[in-house]
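Order of the sequence lines fixes the chain letters, A, B, ..., with proteins taken first and strands second; residue numbering starts at 1 for each chain. As a basis for the values below, the full set of heavy atoms in this structure was taken, side chains included, without hydrogen atoms, waters or symmetry mates.
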There are 2 protein chains.
Amino acid sequence: MDPKNFLSLDSLLTDRVRLAIMATLCAAEEPLDFASLLDNLELSKGNLSSHMRKLDDAGLVSIKKEFVGRKPKTTYCATEAGRAELKRYLDVLSNLIKETRQ
Amino acid sequence: MDPKNFLSLDSLLTDRVRLAIMATLCAAEEPLDFASLLDNLELSKGNLSSHMRKLDDAGLVSIKKEFVGRKPKTTYCATEAGRAELKRYLDVLSNLIKETRQ
DNA sequence: GTAAACTGGTTTGCATGACAAACTGGTTTG
DNA sequence: CAAACCAGTTTGTCATGCAAACCAGTTTAC
């Protein structure tokens, strides 16, 4: 693969924070809540919140909001589209790495 | 590797354009001039120019300026530090991919 | 010989986006 | 009931990517 093809790749996952979030969510196999993501990844709350919003808008994650006891709780889960997009992105990266390394 | 470690990675190469530039330069094994990079990667001149400046400031590429005939010519070459940085970056990515895929 | 188009870039200004600080809305603790 | 805390969201700021405009010169056309 030519680096040019890599450049033409348009994905939300080109941001490293979002890539890490999706990697974490997909690896987990179970939904993760805000607090878990927060301390797995050590982000600020605002930062995490806005990335999750973008991933949600793009359909890469689903968000469930509920109350546990009296407290609000938000849980995130990678959608099928999200898993597919992560795979696609990692495939492209793998190719770039392979070609670059030869 | 934990995605958190990936997040802590601080590199100029987290930008995909610069990653493509370094991949191209390192793959080439010979210095490339501005025009070559320009049409290998299909960037605008301004965009390429500013990325090259950053890579130069960081010591990842060296820049040679000369006149060929009557025309100015700028040639770029990956430095040892640049090659090392590309390797480091790709290693980290490989790890992330491996762990994420298992 | 001079105007127009091209080469080889650099500088600029703008728009997007990441990020943390500040805020909201509610709950638990003292 | 006030202070501290929890779970996020909204906001403002700052950085960065990017292309348009520019600069300095060269070649081509008339």
Touch class at under 4.0 angstrom, heavy-atom based, for B/S49 against every strand present: base

Length of the line joining B/K71:NZ and D/dA24:C1', which is rounded to integer Å: 13 Å

Residue whose nearest DNA chain C nucleotide is more 5′ - B/T75 or A/L12: B/T75

A/S49 side chain to A/K45 backbone, donor-acceptor under 3.5 Å: no

B/R16 side chain near D/dG17 phosphate (N/O to OP1/OP2, under 4.0 Å): no

Interatomic distance where CG belongs to B/D15 and P belongs to C/dT16 [whole Å]: 18 Å

Under 4.0 angstrom between B/N47 side-chain N/O and D/dA19 OP1 or OP2: yes

Residues, nucleotides or ligands: over 12 heavy atoms within 6.0 Å of A/E80 CD: no

B/R18 side-chain N/O to D/dG17 phosphate OP1/OP2 under 4.0 Å: yes

Strand-adjacent residues in residues 50-69 of chain B, judged by heavy atoms under 4.0 Å from DNA chain C: B/R53, B/K65

Stretch residues 37-46 of chain B: residues that reach within less than 4.0 Å of DNA chain C through a heavy atom: B/K45, B/G46

Gap between atoms CD1 and C1', on A/I21 and C/dC19 respectively (whole Å): 13 Å

Test item: A/R18 side-chain N/O and A/L13 main-chain N/O as donor-acceptor pair under 3.5 Å: no

Non-neighbouring partners of B/S62 that pass side chain to side chain donor-acceptor pair (under 3.5 Å), sequence neighbours left out: none

B/G59 backbone acceptor or donor facing B/T79 side chain under 3.5 Å: yes

Which residues share a side-chain contact (heavy atoms from CB on, under 4.5 Å) with A/T24, sequence neighbours left out: A/L32, A/L37, A/N40, A/L41, B/P3

Sugar-phosphate only, base, or nothing, as touched by B/D33 at under 4.0 Å among non-hydrogen atoms: nothing

Within 6.0 Å of CG in A/D10, more than 12 heavy atoms from elsewhere: no

End-to-end axis angle, where each axis spans five pairs of the helix from C/dG1-D/dC30 to C/dG30-D/dC1, to 10°: 20°

Among B/T75, B/T74, B/L55, side-chain contact (heavy atoms from CB on, under 4.5 Å) partner for B/I63: B/T74

Ion pair check, B/K87 and B/D91, cut-off under 4.0 Å: yes

Salt bridge (Lys or Arg N to Asp or Glu O under 4.0 Å) against A/D56, all qualifying residues, sequence neighbours excluded: none

Residues, nucleotides or ligands: over 12 heavy atoms within 6.0 Å of B/R83 CZ: yes

Side chain of A/Y76 - closest among D/dA7, C/dA18, D/dT9: D/dT9

Atom-pair distance (CZ on A/F34; C1' on C/dT24), nearest Å: 14 Å

